[in-house]
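To keep things clear, I will list the structure first and then write my remarks on it.
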Amino acid sequence: MEKTLKILVVDDDEVDRIAVRCALTEAGVQMELSEVSDGNDAFSALSATAYDCVFLGYRLLNQDGLTLIQQLRSSEIKVPLIVLTGQGDEQIAVQLIKAGATDCLFKSRISPENLAQVLRSAIRVYRAEMQAALANQHLRESHEQLIRKNQELERQQQQIQMQNSKLSEASQLKSHFLATMSHELRTPMNAIIGFSQILLRPKFCQLTHQQEDMVERILNNGKHLLMLLNEVLDFSKLEVGRLDLKAEIFDVSKVINIAVGEMHSLADAKNLSLLVQTDLQNSLVFNDPVRIKQILINLLSNAIKFTECGEIWVEVKELPANRVVITVRDTGIGIAPRDFKRIFEAFRQVDQTITRKYPGTGLGLAIIDSLVRMMGGKIFLESKLGIGSMFKIELPRQITLSTGAADPPALQLDDKGVLSSAKNPHHSSSKARQAPIGYPKFKL
Ligand code: ADP
């Protein structure tokens, strides 16, 4: 069943009002029809009641239809308006539509069919217009919301950028402070070590047994402190990218044997066997020997520190694709898989408590990680709690140096077994640093 329409007819000519009413009735429009004869009454009626449509005579007694339409549209009254004009008012019809009339109909053409058709299409058009206006309004609102959110995001981004630059400034200051302090502390520490060594020389002075013991303690503690200072200095240099590799051709087995030799006394003190096995057809590499030794010393001191009984093995082997692998294996306390990643972060230790059993700065593995990356290598860790750990360092036989450093020479061994470096004709002249490798891979 069709909805009953509320219709208002505004015309000062009663004949015209009757014509509209009759035509609509005859057309079978279900309606509640109200009639008023001037603009003021129309305004009051429309303010009081929500109509579905208004038929408005263009010429009214006290004002014209155009003014009334403008007033209605500028007020909040929303209703389809069909204006009934006299013949020959086409120009006016255009003006009326512009002012907000929904449709115009010549009075001479009022008939039940025409009126019903104009009424229906006016209501349909008007509803569509209202829906479009509503959708537009929603769009405008969401657009404004988006703009506001964008502004908020931009503000937050600026804040994050500001905080980031503050953080990086603070981190630079911290690295600078660490570098300066460790550098400054090294000088007196070297003096302490040097003078204790002199005091221990029998030729220099005769110390009692007790005095000798005390000076030895000063020397050992001084050496330990110097090692810690060097770690901090290396770390701060690595952080700001100021640590360069000084590469040369050298015999990697020799460097490994020297490092192992230096660690023997520590292993002996804990009754641990320290075994080395080198299985290299060609033991020449192009790398930084000091840093290779440092990596090995760090891994070995960890292995000794975290092992109470058993053995520590060092193994060097060749790998395909001109790579070399150095493995340090122990039968120590082991590392839980959840800590595999963490222990490579600076200052991270499995036991972070103040009462921890094992001393250390937590910088050793972070430094190894950075050095191995700089060398274009990878670290692999395998470990089981209570069983032991195995650190594998895979390195290219020839590292690529960063910008500004010399091109790595090709390694060559002549018939007499003499080392020499011939410039490799196939070596790319690009001095770009090797692409940073991903985080070290871990396996169990
Ligand atoms: P530090 O030895 O000074 O604490 P590292 O960076 O060398 O710092 O090592 C970080 C942590 O990794 C150690 O504190 C320890 O918890 C763990 N770790 C390293 N090597 C071993 C190992 N061989 N066995 C067991 N735990 C180890």
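Atoms considered below: every heavy atom in the structure, side chains included; atoms not considered: hydrogens, waters and symmetry mates. Counting starts at 1 for both ligands and their atoms, following the listed order.
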Taking atom types as modelled, find out whether [X] and [Y] have a side-chain donor-acceptor pair closer than 3.5 angstrom.
X	Y	result
Gln145	Arg148	no
Arg397	Asn287	no
Ser175	Ser236	no
Gln163	Gln159	no

Per-atom contacts, ligand 1 versus [X] - under 4.0 Å to a heavy atom:
X	answer
Phe391	20 (N), 23 (N)
Gly362	1 (P), 3 (O), 4 (O), 6 (O), 8 (O)
Ser389	24 (N)
Lys305	1 (P), 2 (O), 3 (O)

Between Glu318 and Arg323, is there a side-chain N and carboxylate O pair less than 4.0 Å apart?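 No, Glu318 and Arg323 are not salt-bridged.
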Is the closest N or O pair between Phe306 and ligand 1 shorter than 3.5 Å?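 N/O-N/O distance below 3.5 Å does not exist for this pair.
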N or O pair under 3.5 Å between Ala366 and ligand 1: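 For ligand 1, there is no N or O atom that lies under 3.5 Å from one belonging to Ala366.
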When you look for heavy atoms under 4.0 Å from ligand 1, do you find them on the side chain of Asp330, its backbone, both, or neither?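 The part of Asp330 near ligand 1 is the side chain, not the backbone.
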Report the part of Ile335 (side chain from C-beta onward, or backbone N, CA, C, O) that has a heavy atom under 4.0 Å from ligand 1; answer both or neither where that applies.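 Answer for Ile335: side chain.
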Which atom pairs, one a donor and one an acceptor, fall under 3.5 Å between side chains of residues 257-272 and the rest of the protein, sequence neighbours left out?
from, atom 1, to, atom 2, distance (Å)
Asn257, ND2, Ser253, O, 3.1
Glu262, OE2, Lys293, NZ, 2.7
Lys270, NZ, Ile304, O, 2.8
Lys270, NZ, Lys305, O, 3.2
Lys270, NZ, Thr307, O, 2.9

